[in-house]
Amino acid sequence: MASNGVSSLDDLNERQREAALHTDGPLLIVAGAGAGKTKTITHRIIHLIESGVPAHRILAVTFTNKAAGEMRERVRALIPAGKNIPLLTTFHSLGVRILREFHLEAGIPRGFSIWDRDDSMRTLRRSLEADKVESIPPRAALAVISREKGKGLSAGEFEVGARNFRERIIAKAWRNYEKALHDEGALDFDDLLLRTLTLLRAHAGVRDLLQNRWTHITIDEYQDTNAAQYEIARLLAAPENNLCVVGDLDQAIYTWRQARLENLLEFEEVFPNTKVVTLEQNYRSTRTILAAANSIIEKNLRRKPKVLFTENPTGEPLSLYGAQNEIDEAWFVATKCQELIEKGMSAGGGSASGGKASEVAVLYRENFQSRALEEAFLHFNLPYRVIGTRFFERKEVKDLLSYLRAAWNPKSRIDLARAASTPSRGIGKVTLEKMLMNADHVLARAARAKVQGFRDTLTHIRKALETLPASDAVRYALEASGMEKMYKNDKEEGHERLENIRELVNFATRFDYAAPPEGIEQLLEEAALQSDQDELREEMEAISLMTVHASKGLEFDAVFITGLEQGLFPSMHESDEMRDPEEERRLFYVALTRARKRLFLSYASERMKYGSREHTLPSEFLDDIDQRLMEYAQPEKKEYEEETIR
């Protein structure tokens with residue numbers, strides 16, 4: 001590591017270097033797609049350390065484990081071996097860390113469980129059913145609760161402001177939901193931010209300690225922060241405001257998750273004397289792709305103006321295909337994917353001997369579009385993976401995780417109930433309810449023996465969690481729970497399910513470095529906070545199928561954007577009104593800028609939607625791209641038998 005703080009910045013461009021050299025006071029980095037923002041952030045962190053800021057006083061926060069892991073590896077590669085690295089984490093993981101450390105001040109158990117969406121839905125459904133509420137689905141109630149928590153509001157504050165009968169019903173369900181969380185020693189995903197914010201607001205001592213601990217803070221993807229995340233960042237950065245935020249309003253695609261564009265738009269007003277650096281040089285895409293992207297996004301008004309440019313080759317034209325229907329479209333995508341893998345993905349007219357399946361992505365606006373694509377890929381025997389089916393949401397994996405959580409947090413009724421039923425122990429519904437109420441003494445002798453046997457199993461697993469490395473503890477739980485034996489005896493799906501659980505053991509090895517039980521705590525935290533992108537394994541050779549939202553932050557040599565039809569992309573509400581037009585345009589911009597070398601666009605003249613076939617019109621976005629940048633594609637095999645891929 002250089003002692004003069006210069007060599008670590010040598011391979012940055014002028015704008016990147018300008019950002020990296022700013023060490024004190026507020027800094028706003030407006031980073032265009034593919035403009036090297038992660039490189040800029042990591043080199044700035046190294047420069048801070050070279051300038052005398054201790055690594056443990058630096059905090060960098062982003063949104064996904066994948067992004068945090070990439071940043072961590074880049075920083076580690078730039079720091080001499082054996083030296084400490086700063087805390088590089090996600091917002092929710094930071095919340096877990098703070099809440100566990102200051103659990104007494106927060107009024108929660110240190111070993112709190114983290115509920116996933118299914119846990120929350122199940123609890124809200126029980127509450128609404130108990131009150132005989134049929135007009136409000138649990139999903140809708142949860143959406144309201146999540147939205148309000150994202151604004152930094154509590155159940156009590158929402159109840160006070162309830163304006164109508166529907167909101168009063170939700171307020172009551174929210175109260176019951178919060179009681180269930182409290183009784184089970186659990187927090188939901190949104191609580192990890194809300195309870196952290198509440199702690200920082202209510203306890204000056206905790207706030208002062210953390211402000212002194214982290215003197216230099218970086219927030220990545222700042223355009224995606226909601227009100228609670230904004231306030232957490234503001235409180236932690238005060239009073240020195242050595243706060244660097246990195247973002248791009250042109251890639252703000254999560255306002256439906258309560259992300260606030262104002263957080264970035266108003267940053268210079270909230271933090272006076274902010275230095276602003278704009279990164280516009282793109283290192284990812286061809287000039288043709290960037291020309292198309294710039295023409296799309298320049299129509300938006302709520303943005304900080306910038307024009308991406310690149311020194312990369314001009315590249316090949318965008319390929320546009322007008323399909324007869326979704327099956328024809330899927331056939332076109334599959335044949336082109338096969339061609340790309342066999343012949344390679346060229347840029348600027350060059351050629352290649354072959355391409356990797358992992359360097360191809362197929363994007364769509366809505367999940368239902370994947371069906372026809374998957375059937376075509378199966379027909380052509382193309383390797384693919386659908387991003388969005390999370391490993392930790394598989395039943396057998398959730399079952400084993402429930403054993404770990406129930407052993408670690410005996411108050412977690414949800415985990416106790418799930419674990420008690422897998423494998424079957426003869427603990428019926430009535431017996432289970434008595435067990436959850438700790439009323440074992442009223443049970444018949446046989447039922448009491450079964451419950452005691454289950455409790456003994458959890459006690460043994462807890463001892464393993466307290467004494468063994470994480471992977472050994474998970475391996476012990478797999479055997480002690482009876483799940484291993486159950487799946488070995490299952491001749492139909494048992495082998496696959498057992499392999500999935502054994503993969504959890506493999507996953508746990510990454511936490512073996514931590515002394516028990518810290519490793520298990522980290523495992524349970526990471527399992528709860530996994531995102532779709534965290535399922536991507538770089539060593540897996542397969543074409544990626546995913547929504548455009550899931551593609552954010554990723555890049556591929558070749559990208560297909562399918563379903564470019566009015567009403568689908570851009571998307572319409574059921575009332576036939578367009579969703580936020582600027583956000584739909586930003587979403588298309590994100591899709592375009594995922595591609596390095598090749599970009600394929602397609603639409604269908606008719607599409608099966610919700611059981612009926614609809615005639616469609618090409619997306620208005622296609623009219624915004626200079627026609628000289630595109631060529632009209634024809635599939636290699638125009639004739640196809642529809643039934644073969646149905």
Side-chain angles (χ1 to χ4, degrees), residues 1-51 53 58 60 62 67 70-79 86 88 216 218-223 242-251 264 267-268 274-294 297-298 303-315 347-348 552-557 589-590 592-597:
M1 185 168 67
S3 59
N4 59 11
V6 175
S7 65
S8 67
L9 308 180
D10 283 350
D11 58 346
L12 301 183
N13 67 35
E14 182 180 350
R15 291 296 185 189
Q16 292 172 334
R17 188 179 300 110
E18 183 182 357
L21 286 170
H22 184 84
T23 57
D24 296 310
L27 170 65
L28 168 60
I29 302 175
V30 180
K37 66 161 186 169
T38 303
K39 181 178 182 179
T40 304
I41 293 171
T42 53
H43 279 74
R44 182 176 181 273
I45 288 171
I46 297 302
H47 179 64
L48 285 171
I49 296 172
E50 291 174 338
S51 301
V53 180
I58 299 172
T62 187
E70 180 183 352
M71 200 180 299
R72 201 176 296 123
E73 290 308 310
R74 290 203 193 187
V75 169
R76 187 175 285 118
L78 293 168
I79 290 182
L88 308 168
H216 290 74
T218 299
I219 308 293
D220 189 18
E221 302 288 5
Y222 194 67
Q223 78 281 349
N242 293 325
L243 176 63
C244 167
V245 302
V246 188
D248 180 12
L249 286 172
D250 293 341
Q251 298 184 74
L264 198 150
F267 187 82
E268 296 160 78
T274 292
K275 181 176 181 61
V276 180
V277 179
T278 303
L279 306 182
E280 295 176 290
Q281 183 171 357
N282 176 284
Y283 293 90
R284 176 187 301 160
S285 305
T286 65
R287 294 180 186 180
T288 299
I289 292 171
L290 289 190
N294 284 330
I297 204 62
E298 66 184 11
R303 63 189 295 257
K304 287 186 175 291
K306 66 177 183 305
V307 178
L308 294 183
F309 69 94
T310 186
E311 296 177 359
N312 290 340
T314 299
K552 175 102 181 313
L554 303 177
E555 57 185 82
F556 304 86
D557 279 349
Y589 174 82
V590 166
L592 292 170
T593 54
R594 297 312 93 200
R596 299 190 193 104
K597 300 177 181 178

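In this chain, residues are counted from 1 in sequence order.
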When rounded to the nearest 0.5 angstrom, what is the spacing between [atom1] in [X] and [atom2] in [Y]?
X    : Y    : atom1 : atom2 : result
T278 : Q281 : OG1   : CD    : 14.0 Å
I45  : L78  : CD1   : CG    : 10.0 Å
L264 : L249 : CG    : CG    : 4.5 Å
I41  : T62  : CD1   : OG1   : 7.0 Å
D557 : K597 : CG    : NZ    : 4.5 Å
K39  : L279 : NZ    : CG    : 11.5 Å

Could you check whether any side-chain N or O of N282 sits under 3.5 Å from a backbone N or O of T310, counting only pairs where one atom can act as donor and the other as acceptor?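 Between the backbone of T310 and the side chain of N282 there is no qualifying donor-acceptor contact (under 3.5 Å).
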For E280 and L308, indicate whether the former's side chain and the latter's backbone hold a donor-acceptor pair under 3.5 Å.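 Not at all, since once roles are kept as given, no pair shorter than 3.5 Å links the two residues.
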Using the rule given for side-chain contact (heavy atoms from CB on, under 4.5 Å), can you reason through C244 versus I29, listing the C-alpha separation, both sets of side-chain angles and the distance that settles it, and then say yes or no? CA-CA 7 Å; C244 167; I29 302 175; 3.8 Å; yes
Please determine whether side-chain contact (heavy atoms from CB on, under 4.5 Å) holds for the pair V30 and V277, giving the CA-CA distance in whole Å, both sets of side-chain angles, and the decisive distance to 0.1 Å. CA-CA 6 Å; V30 180; V277 179; over 6 Å; no
Do [X] and [Y] have side chains that get closer than 4.5 Å, going by heavy atoms?
X    : Y    : result
D220 : Y222 : no
E221 : V246 : no
T286 : P313 : no

Given F267 and L243, is the side-chain contact (heavy atoms from CB on, under 4.5 Å) satisfied, shown in steps? CA-CA 11 Å; F267 187 82; L243 176 63; 3.9 Å; yes
Taking all non-hydrogen atoms of both residues, which atom of [X] and which atom of [Y] are closest, and how far apart?
X    : Y    : result
Q251 : A31  : NE2-O, 4.0 Å
G25  : H22  : O-NE2, 3.4 Å
A595 : S285 : O-OG, 2.6 Å
T593 : A293 : CG2-CB, 3.8 Å
D250 : V590 : O-CG2, 4.4 Å
A33  : R594 : CB-NH2, 4.0 Å

Check the side chains of Q16 and E14 for a donor-acceptor pair under 3.5 angstrom, ignoring hydrogens and angles.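 No, because no side-chain N or O of E14 sits under 3.5 Å from a partner of the opposite role on Q16.
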Please assess R17 against R44 for the test side-chain contact (heavy atoms from CB on, under 4.5 Å), listing each intermediate value before the final yes or no. CA-CA 8 Å; R17 188 179 300 110; R44 182 176 181 273; over 6 Å; no
Residues [X], [Y]: salt bridge by 4.0 Å N-O rule:
X    : Y    : value
K304 : E268 : yes
R15  : E18  : yes
E298 : K306 : no
E555 : R596 : yes

Among V53, T42, L9, L12, side chain to side chain contact (heavy atoms under 4.5 Å, CB included) partner for H47: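 Exactly one option meets the side chain to side chain contact (heavy atoms under 4.5 Å, CB included) with H47, and it is L9.
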With a cut-off of 6.0 Å (strictly less than), are more than 12 heavy atoms of other residues, nucleotides or ligands near CZ of R284?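 Buried by this count: over 12 neighbours within 6.0 Å.
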